[in-house]
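Since the structure comes first, as structure tokens, the remarks are kept for the end.
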Amino acid sequence: MTTPSSTPKSNGGNVDAVPPPKPYTEYTIFFHLERAHILQSSDIIDEEVMLSLDPSHYDPLELPRPPRYEHLVLPPYWYSSSHKTATGKEHKHQKRAGPMDPETLSKT
């Protein structure tokens with residue numbers, strides 16, 4: 001009989017393992033495309049996107065896009081939530097002023 005401490009863990013024994021992010025939904029992908037379309041139709045292209053472009057990059061998952069979004073300039077793997085977390089920047093944690101009491105909440 002095995003003891004609880006000797007049974008293998010479901011995550012390969014690594015207690016600090018972070019689960020992979022959930023994939024983007026169709027709704028989220030639509031808004032990624034729509035945001036890029038709005039910004040680029042007003043001649044605003046993100047510098048980070050321009051720096052990450054690779055002319056030799058071809059991804060069969062990315063193409064073909066709907067006709068409205070064919071011309072968009074997008075970074076490689078823009079549709080991948082796991083790639084975004086691997087290369088994404090961490091947001092700086094901002095402390096709040098503290099807990100609000102019920103009187104302050106009722107005044108607003």
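Note that the coordinates shown come from a computational prediction; the quantities given were computed from them, not determined experimentally.
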I need the full list of salt bridge (charged side-chain N to carboxylate O under 4.0 Å, His left out) pairs touching residues 18-38, with sequence neighbours left out, sorted by first then second residue.
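Every salt bridge (charged side-chain N to carboxylate O under 4.0 Å, His left out) pair that includes a residue of residues 18-38, provided the two are not neighbours, is Glu34-Arg68.
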Are the side chains of Arg65 and Leu74 in touch, meaning some heavy atoms are under 4.5 Å apart?
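Yes - at least one pair of side-chain heavy atoms lies under 4.5 Å apart.
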Applying side chain to side chain contact (heavy atoms under 4.5 Å, CB included), can you list everything that pairs with Thr25, at least two apart in sequence or on another chain?
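Listed in chain order: Tyr27, Thr28.
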Can you say whether the rings of Trp78 and His32 are parallel (under 30°), tilted (30 to 60°) or perpendicular (over 60°)?
tilted
In Å, rounded to the nearest 0.5 Å, how long is the span from CD1 of Ile29 to OH of Tyr69?
12.0 Å
Considering all heavy atoms, the nearest Pro23-Ser81 contact:
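Answer, listing the atom of Pro23 first, then Ser81: CA-OG, 3.5 Å.
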